[in-house]
2 protein chains.
Amino acid sequence: MTTQATGLHTHVLDTLGLAITAGEYPPGSVLRTDELAQRFDVSRTVVREVVRVLESMHLVESRRRVGVTVRAMEEWNVYDPRVIRWRLAGADRPRQLRSLTVLRSAVEPAAAGLAAVHATPEQCRELTEQALGMVATSRGRQLEAYLVHDIAFHRVVLNASGNEMFARLGDVVAEVLAGRTHHQVMFDDPDPAAVTLHVQVAEAVRERDGRRAEELTRQIAVGALRELDVLAP
Amino acid sequence: MTTQATGLHTHVLDTLGLAITAGEYPPGSVLRTDELAQRFDVSRTVVREVVRVLESMHLVESRRRVGVTVRAMEEWNVYDPRVIRWRLAGADRPRQLRSLTVLRSAVEPAAAGLAAVHATPEQCRELTEQALGMVATSRGRQLEAYLVHDIAFHRVVLNASGNEMFARLGDVVAEVLAGRTHHQVMFDDPDPAAVTLHVQVAEAVRERDGRRAEELTRQIAVGALRELDVLAP
DNA sequence: TGTGACAAAAAAGTCATACTTTTAAGCACC
DNA sequence: GGTGCTTAAAAGTATGACTTTTTTGTCACA
């Protein structure tokens, strides 16, 4: 099969994880390790390691004498970057995109407020640079280039907040931004208002105006949510 | 050894995870599977499965010919409930508690605002009940009983928000609340103001007043942060 | 002296197999 | 109808052999 150079383990894990998060095995379904080993043509060793990882994501539960049972969606570790990616690749991308965007709209304003307090001069510079990059690529169908700046911008804000939990959401935000760009959940060109807001956030952080940074970021989030309402059912 | 009834895997995983998050192995340290197998007196099979899980948490990275190397703290999957628990049990509990509380102060007000819109009558009832439970146990050193109601209350709010990502933070909040109660990061009796605020949040949600629920929850969060500043260096 | 190719070894990755432990489920017995 | 024993199914564990990747060291050659 398509045994990636990445190793059997990765291949089986990705395939199974994708299938489970896609709902191919309804909760309560039972998988048996021997069966999986046969299906993927790998040893039980490999399957067991995969199952252990899936178990650590709370996607499945393994019990003696019964097998590996798929858990209900409510139990999944939805903050695991891999789970997020799998779900964004699957059928309920819209729902997933929305719930992640709501999360962003709660977290990012707070992070921006803190960033205004804690950002280093270097981070302020970086922020401005990325905002300008967004301006430069915001017209003429340069969505990919724009995306790079957009991701970088939000990553810097989250990092500059000085809060570890916020910082670690950088990957999540990146997935969301990439997801909506790559799946037509976006207009042909970015909303000019949003672009302006980013520039202003950079400004506010530079000027140590936490309240303004927070409020402006909130507006960015609101815009993103509205866009999602318009473009995704 | 203290082989728990929970299985070799769990025991080794917990021990290693705890040690790594406690900083016992500085980033870049190299572990070898054979060595670990010997040290814990288990087979390589078990160690490999543990390493795979640790790897999935981004706590370590396993490479051929070099071994299992511990990753830098910035790369850890800090949203994994187990990682959170390990860190709360370890030396940098104060730092961890603070960053989690800041996260709460961003997320919970938003969740409360949404809960006012989406809560079912049953959830409203449950909310009121838990708030009353908090009142009843808020005096006379009944911290454990109080904690149960407190956790339940916040869990309901997060669930009632209707947002999956918020809902899944229930475990995190539970860990934080339990953590601060169990480690003297709290006064002898809960802050009466906080208790009142909880009752009022339940009220606001019941009356579908999103803004008020959000604002009141924000005040709870602010109080929690302030308490942390007072009690933890 | 430096450079590139080649050889060797170390460690994880994979596999096959045998054995152990837990536990659901069926059955007999009261 | 419940209570306890038996059985068998599936995961858990152990072990040893073999493969693959990757670092490192060495040696020949320019």
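By convention in this document, chain letters (A, B, ...) are assigned in the order of the sequence lines, proteins followed by strands, and residues within each chain are numbered from 1. What you see is a predicted model, and the numbers here were worked out from it, not measured in a lab.
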For [X] and [N], what is the distance between atoms [atom1] and [atom2] respectively, to the nearest whole Å?
X: A/Glu61; N: C/dT23; atom1: CD; atom2: P; answer: 12 Å
X: B/Glu49; N: C/dT14; atom1: CD; atom2: P; answer: 13 Å
X: B/Arg44; N: D/dC18; atom1: CZ; atom2: P; answer: 14 Å
X: B/Arg64; N: C/dA12; atom1: CZ; atom2: C1'; answer: 6 Å
X: A/Arg48; N: C/dC15; atom1: CZ; atom2: P; answer: 15 Å
X: A/Asp34; N: C/dA18; atom1: CG; atom2: P; answer: 14 Å
X: B/His11; N: D/dG12; atom1: NE2; atom2: P; answer: 18 Å
X: A/Arg63; N: C/dT22; atom1: CZ; atom2: C1'; answer: 11 Å

[X] side chain: which of [options] is closest?
X: B/Leu8; options: C/dT22, D/dA14, D/dT22; value: D/dA14
X: B/Arg65; options: D/dT15, C/dA10, C/dA24; value: C/dA10
X: A/Arg32; options: C/dC15, D/dA11, D/dT20; value: D/dA11

* **Short side-chain to backbone donor-acceptor contact, A/Arg82 and B/Ser56, under 3.5 Å** => yes
* To do: Report which part of the nucleic acid B/Val42 touches: base, sugar-phosphate, or nothing (heavy-atom distance under 4.0 Å, all strands).
  => sugar-phosphate
* Go through the N and O atoms of the side chain of B/Thr45 and the base of D/dA14, and report whether any donor-acceptor pair is under 3.5 Å. => yes
* Would you call the rings of A/His154 and A/His198 parallel, tilted or perpendicular, where under 30° means parallel and over 60° means perpendicular? -> perpendicular
Have [X] and [Y] got a donor and an acceptor in their side chains that come within less than 3.5 Å?
X: B/Glu75; Y: B/His58; result: no
X: B/His9; Y: A/Glu55; result: no
X: B/Thr128; Y: B/Arg206; result: yes

* Within the structure, does a side-chain N or O atom of B/Arg52 lie under 4.0 Å from either OP1 or OP2 of C/dG13? -> yes
* Does D/dT15 have OP1 or OP2 sitting under 4.0 Å from an N or O in the side chain of B/Ser43? -> no
